[in-house]
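Since the structure comes first, as structure tokens, the remarks are kept for the end.
Throughout, protein chains are lettered first and strands after them, A, B, ... in sequence-line order, and every chain is numbered starting at 1.
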Amino acid sequence: MSGFSDNIMRLSGRMLSQYPAQRDWDGKLTMAPHPGIIPTFSIVTLSDNVPEQEIMKWNGWGYSDSKFLYNKKGQAEFTGKRYRLSGMIIPGLREWMESTFSANLQHKTPAAPILNSSAVQPPTLNEAFLKELKSTGIPFSHDAEDRVFRSHGHCLHEIFALREGKIGRVPDLVVWPNCHNDVVKIVELACKHNVCLIPYGGGTSVSSALECPPEETRSIVSLDTSQMNRILWIDEKNLTAHVEAGIVGQDLERLLNESGYCTGHEPDSMEFSSLGGWVATRASGMKKNIYGNIEDLVVHIKMVTPRGVIEKSCQGPRMSTGPDVHHFIMGSEGTLGVVTEVTMKIRPMPEYQKYGSVVFPNFEMGVACLREVARQRCAPASIRLMDNEQFKFGHALKPQVSSIFTSFLDGLKKFYITKFKGFDPNRLCVATLLFEGDREKVLQHEKQVYDIAAKFGGLAAGEDNGQRGYMLTFVIAYLRDLGMDYYVIGESFETSMPWDRVLDICRNVKARIVRECKDKGVQFPPLSTCRVTQTYDAGACVYFYFAFNYRGLSDPVHVYEQVEHAAREEILANGGSLSHHHGVGKLRKEWMRESISSVGMGMLKSVKDYVDPNNIFGNRNLL
Amino acid sequence: MKPVVDPMLKKRDDFEDMLEERRNSSDLRYALKCYTPVLYKGLTPCKVSELKQMVLQSDQLGYVITQVSKEKGVTSDEVTGEAAAILEEMAQRLQLSTVRFFAFTLSKVFKTLFRSICINEEGLQRLQQAIHNHPVVLLPSHRSYMDFLLMSYILYTYDLALPVIAAGMDFMGMKVVGEMLRMSGAFFIRRSFGGDKLYWAVFSEYVKIMLKNGYAPVEFFLEGTRSRTAKSLTPKLGLLNIVMDPFLKGEVFDISLVPVSISYERTLEEALYARELLGVPKPKESTSGLFKARKILSEDYGSIHVYFGQPVSVRSLAESRVNRSQFNLIPRHIPTRPSEEILSFVNDSAYRLVRAQEENMVLKPWVLLAFVLLQKQAAEEKQGTALDELTEQAVWLRDLSRQYGAFLHWPDHIPPSEVVSSSLSLHRGLVRISEGRVQLALEQGLLYPGFVILSCASYRNQALNVFIRPALLASAIHTAASNRKQEIYNSFSFLRNMFSNEFILCPGATVQDFEEACYLLVKTGTLQINQQEVLITERGHRTLAFLTSVLDPFLQGYQVREMHTQRHSVVFNTNGLTEKQFIPAVRKFIIKHLLTGSLLKCRLRYTEVLSSDLQKNALAALIRLGAVQKIKGYVGFTHLHVHVGLIG
């Protein structure tokens, strides 16, 4: 292994001062995102010493400089320079928003511009813990902004409250361990002084996992892993990399790319989510068909628990040594300890990438095609099927076309599909594809998939449509903030199910959302749409998007939560799972027992009781 | 069309007479009109033949075919052939041209037979909405052969999607008519196919596919057969189970069940039913028989009221009742026996739906007159009732039944005496009026008075559902040893249990029924109820006396039944009787006692006890209560003395 010592890397530009978190994002911002996702991303270099709140939104998604807004002419525009869509006018968005939600530009609901520190409760500090922590030299902060920033994920109710300037229970202290040993020290001190620890990675949770339990009376310490962001070594013989768990997805890919490798793990949140978070929630990536989900990618995990450090003694690719202890860690959602280091599989970077898309006459045909692709086990790196509403939404997000020729071509395509091929524009749907590998194989693979699609009435619809489909994944979260400026709230949630139930669940859940909105007094018909995002041998993963105009409702978030609750009930009643990859957190806890049986709950509880008898990792997720 | 508005129908929709337009415009043009119904929004249009293919290629049927071929040791092709033959025998061949033919013919027939056919048009609008949104199941009440032709006729007239109708195989006997019905949407099911897995699979899959795809509304009769007594029959669960299944298994978002109440002022089969109840066998359905029935055409059958009820969502019925995730772990195409939970859910739903039918049945003044005349008859008032008195009692009963929520169609703008006399004249075959006095047209001989009385009872029965709960309470007060509430509840509960084969009383709803009865009787000032006791008010006696007498014929019927069984078990204890022999034996027993005029200690006053329906129900109740045991088809008495006291 000594030969690989050269491969140990460190991120530069990460010198920590007293409040390291304020520099948290500096390094990242100098990086190009992964080419696979956003090919024409422009590189932005920001000077050091910019406070993180100015780089990242404190009460919305993503970078502060990137957002949708309506300019003076009333046209939608995406600001900034980070994304392909940045700086572009999106002519169709306004009309889509007005017609889909009956939203009106005259009715605005702006967010509170800055955090009012006086709204934040003063920290409950455990002086003895603090004193010993100081002696270790590990950086920490009890600044209000640092605490609020780590008190939430991105559930609708969390963001909505922030926009209104409402702050609930937040951590009392934030610590920034720099390495595994720092974490060991912090956990020891926490046990000694009975302090509650909540691990914090990228903050992209959508399961209320980061919310501080309001009933917690101990001092709550947020353990921010962002400084543990190094690739410790790369092993080219075994194609593995040993990485600190605080590293964020896009950094990991970029750094590995520099050495000609990648992990291929690309969850939609990869710009911001961390390796430790993926492990703790059993994450799934867009290209899992080639690279696998996190459980397939992980070779070795090191986790610090109140009982000590858990890890395996070797890195064998598979073991028969009783139940796999990794599976206690993966999905433990921060209830057992802090994941500090992970050995992951890596692959040589693909030689060639190609996007693609297929238009189907209806969603049923599309699902049948995906099922056949899965049956033949020939799924491309990614294959996703949007329903008709999402197809229209994607259409509305087309940027302004510069040349008359392009718009003429678009018109021609539309004519061909709807008039010549007889597709009903209100029923057709589109699948987006991403192929990866060496060039020849990609082209061969592409042909195979398009041939199958043709059997289900699918028409190839070009690379551009495919690429735009994937771009949408990254900007859709920004779009929610625009909606919230104009009385529109919404969110997405996911599930997985056997193939034979895909259509039934999609139909029933969408219909349930519409009905519940009506019953709960929502004045305007909601947007209720879905897409199939992953295929497996025995089933699929489906995402639902749901949003509505809440004008006229006194407690829109409560209505939203009731509808989402009903939608989840509908999913479970129809044979869908509680979650495919978002995890349970506190949002879906109530269904755990019925999901895994009482005995199953008992098993998990007994592990928790053994590993963490004093509930030091007291975020109260999962169980 | 001019609306026919009854001021008393406030909480229900108004009716309109659909025959009025037929009388004023061309039937031919009507039969050839442009027909473009609103269809289910999720419909994938398909032909009759494609439908059959879908059934034969379904996973459900495929599974059973494999199973059957393994069990019987024959090739699956053979079994598939068998399945195709079953389907051929079963399937409908809905054809617009046949419907147009019926539309033309029925217009002529209806105009001759009926004064009006009144429909609540709002109900039809609701139905249209329901058809657009979800698969629809139409559940009409069943009092006449006319019902399903009438249903299709109405839906055609109002440009609504034509239903496919589950019909009994007996129609198939009428060759031409059977095929005609098939072409107007009927599909035929064997009356019994007990253990025939393949038949069941073909049948249930056929129904489900038509329903799920929104091919057409599926129509069937919850009661399974025509009610000869005009009382609703205990619902049959098989088909309801099948149509609810696609929702329970998540194959559709929801299903709308639409109860339809069809009430006839005069039933076409009036005489036929009474004869059947008296043991004269039902004539076999035949085309030539139908032509013989033509003389019916020369009579006046008054009006028909058809009320399309509120669509009932299966989803809301099942909400917080059924755990749908119970189907998550077995592939849905594998047939499984429904769980207890599902069975009891379907059963409760069925009762709710039959009650919904009952509640929207229009009652005519004659129904109330039948009550009075039968009670007078039982009280042996030989000279009959003076018209004034009859009118007074009918008006009293009118007000009472309205207080109990009856859907009474009594024209308030006409003087009551005229209402009474016009009712009497429509039913002149059943009454005799001489010198201003009215009585049932009983003649000498035993069978004949029974005939008139059973016909008359079938009208009275239409309103029994209005009075049944208060009547059970009244009888309970009558039989209970004290006026303590608990004791009255106990005897209410006993009576209710005993009569649960006789009336539509939802299983397990004793407390609700008791409370409903108490509420009605307190509200109308008949009773006062405090914590402990139930007290009868001064003016309550008349009501209570009436209510008690409502149940009297039934009480006596059950009593006779028990006595007969008791006696038999003494005499023929060793060999008993088979169930089939039982009913004629009881009838003979009753006739003997009616003739001699005495029956053990108490007098037998109600000729109605001759009704085979009553006897069957009573036997079923006795078996259910454990008073009679059925051993290998033989009936024997066990320990009756416990209950006899209470009933007596």
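Partners of B:Phe187 under the ring-ring contact (aromatic ring centres under 6.0 Å, His included) rule, at least two apart in sequence or in another chain, are B:Tyr206.
Annotation: B:Arg126, atom CZ; neighbour count of heavy atoms from other residues, nucleotides and ligands within 6.0 Å is above 12. More than 12 heavy atoms of other shown residues, nucleotides or ligands fall within 6.0 angstrom of atom CD in B:Gln57.
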Are there donor-acceptor atom pairs under 3.5 Å between chain B and chain A, and if so which?
residue, atom, partner, partner atom, Å
B:Gly250, O, A:Arg507, NH2, 3.3
B:Gly250, O, A:Asn508, ND2, 3.0
B:Glu251, O, A:Arg507, NH2, 2.5
B:Phe253, N, A:Asn508, OD1, 3.3
B:Asp254, OD2, A:Arg515, NH2, 3.1
B:Arg315, NH1, A:Glu570, OE1, 2.7
B:Arg315, NH2, A:Glu570, OE1, 3.3
B:Arg315, NH2, A:Glu570, OE2, 2.7
B:Arg324, NH1, A:Glu570, OE2, 3.2
B:Arg324, NH2, A:Glu570, OE1, 3.1
B:Phe327, O, A:Arg501, NH2, 2.7
B:Asn328, OD1, A:Gly575, N, 3.2
B:Asn328, ND2, A:Leu572, O, 3.2
B:Arg332, NH1, A:Asp504, OD2, 2.8
B:Arg332, NH2, A:Asp500, O, 2.7
B:Arg332, NH2, A:Asp500, OD2, 3.3
B:Arg332, NH2, A:Asp504, OD2, 3.0

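Counting heavy-atom pairs closer than 4.5 Å to chain B, the top-ranked of the candidates A:Gly576, A:Ala511, A:Gly575 is A:Ala511.
Heavy-atom distances place the backbone of B:Val252, and not its side chain, under 4.5 Å from chain A.
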